[in-house]
J.: 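Sharing a structure, written as structure tokens. Questions coming.
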Amino acid sequence: MTSTDATEVAAWLAAAPRITVLTGAGISTGSGIADFRGPNGLWTLNPAMQRMFSLDEYVRDPELRKTAWINRRDHPAWTAKPNAGHRALVDLERSGRLRALLTQNIDELHQRAGSSPEIVVELHGTLFGVECLQCNARTTMENALERVAAGEPDPACEICGGIQKAATISFGQALRADVLDAAVRAAADCDVFLAVGTSLQVQPAAGLCDVAVSRGAKLVIVNADPTPYDAIAAALMRDEISDALPALLAV
Ligand code: ZN
């Protein structure tokens, strides 16, 4: 870890032909979407909420599923707007140097800001899709929530009758292999790996930092709180992301 100043980090980023970015909940807090582990995080304020993210509990408990559908309906992502941090990454893509935008977020704010869907790798899936846990059929969240509004508190798969869930990754559920492969390739193939707004506590996403560093990339971490990867970072920034990111990528 170094006390590199922002000007020097901005110069690295400006000179890097290939930058891979990993974003976490911290980039969306500025858009009104609470993170999980921060001081005002969902799980910090209400540890019982973690149950909602366990696949075993979800399958076992119909009451929990009903609550989960209500939470999806009321999720701030439906109305949230991208912030300056998301927009700075759109500008980076336009400069032609964004190798990939890996995100742990399920809110689609990167796409809404203007990032190309082809460049965004949604490690933990998306809130806007629904998957059947039995036959893997995929539909839209909009469709499922229409059924909830019409009186089905836990809408089952229309093909096989199986339990449905948001197309997001729960605890106890593996990442999609093709998605993880794309992320590992992008981490291995960059000059700077920029981790933004992630506490780097969830694997395998956090391990992408190791992949990048072991292949010679500089790791830059922009996050309010310390992370387990700070020791191998070339630079750490603790500033507010919606201010820090546009400044770092301004060149
Ligand atoms: Zn099904």
Side-chain angles (χ1 to χ4, degrees), residues 22-25 28 33-36 42-43 46-80 100-112 115-186 198 201-208:
L22 170 67
T23 64
S28 291
I33 299 178
D35 60 14
F36 300 101
L42 284 180
W43 300 339
N46 183 5
M49 272 291 283
Q50 288 212 38
R51 270 187 78 227
M52 206 71 73
F53 294 82
S54 153
L55 184 61
D56 288 349
E57 300 272 351
Y58 186 83
V59 169
R60 187 163 44 216
D61 184 352
E63 289 305 314
L64 186 141
R65 293 200 294 277
K66 290 180 194 172
T67 309
W69 288 109
I70 299 298
N71 288 348
R72 290 162 189 152
R73 182 195 70 192
D74 296 342
H75 198 285
W78 291 99
T79 50
L101 175 45
L102 319 178
T103 186
Q104 299 173 90
N105 298 341
I106 59 163
D107 55 33
E108 296 197 3
L109 284 180
H110 288 303
Q111 294 93 322
R112 220 172 301 162
S115 291
S116 307
E118 310 83 67
I119 215 163
V120 178
V121 178
E122 292 174 313
L123 289 161
H124 295 166
T126 170
L127 174 70
F128 296 87
V130 167
E131 262 169 12
C132 171
L133 293 175
Q134 193 160 292
C135 75
N136 298 323
R138 190 149 172 152
T139 49
T140 65
M141 182 60 74
E142 208 173 356
N143 173 265
L145 290 179
E146 277 169 14
R147 292 174 60 195
V148 172
E152 289 181 75
D154 179 23
C157 173
E158 288 181 308
I159 297 168
C160 77
I163 292 172
Q164 297 196 112
K165 189 178 87 55
T168 54
I169 304 295
S170 299
F171 290 128
Q173 203 175 11
L175 270 63
R176 277 177 46 183
D178 57 332
V179 169
L180 184 57
D181 283 354
V184 169
R185 281 199 305 275
T198 165
Q201 289 182 33
V202 177
Q203 297 295 354
L208 294 166

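In each ligand, atom 1 is the first atom listed, and ligand 1 is the first ligand listed. Hydrogens, waters and symmetry mates are skipped; everything else that's a heavy atom, side chains included, is used.
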J.: At their closest point, which heavy atom of Ser170 faces which heavy atom of Leu55, and how far apart are they?
T.: CB-N, 3.9 Å
J.: Any salt bridge linking Lys66 with Asp154? Criterion: basic side-chain nitrogen under 4.0 Å from a carboxylate oxygen.
T.: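 Salt bridge absent between Lys66 and Asp154.
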J.: So which protein N/O/S atoms does the Zn ion (ligand 1) have within less than 2.8 Å?
T.: Cys132 SG, Cys135 SG, Cys157 SG, Cys160 SG
J.: Tell me, yes or no, whether the heavy-atom count around Glu142 atom CD, taken from other residues, nucleotides or ligands under 6.0 Å, exceeds 12.
T.: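 Not buried by this count: 12 neighbours or fewer within 6.0 Å.
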J.: Counting only N and O atoms by type, is there a donor-acceptor contact under 3.5 Å from the side chain of Arg147 to the main-chain atoms of Ala156?
T.: yes
J.: Is it the case that the side chains of Gln111 and Glu122 hold a donor-acceptor pair, with the cut-off being a distance below 3.5 Å and no angle test?
T.: yes
J.: Determine whether Leu127 and Glu108 satisfy the following criterion, side-chain contact (heavy atoms from CB on, under 4.5 Å), listing intermediate values before the conclusion.
T.: CA-CA 8 Å; Leu127 174 70; Glu108 296 197 3; over 6 Å; no
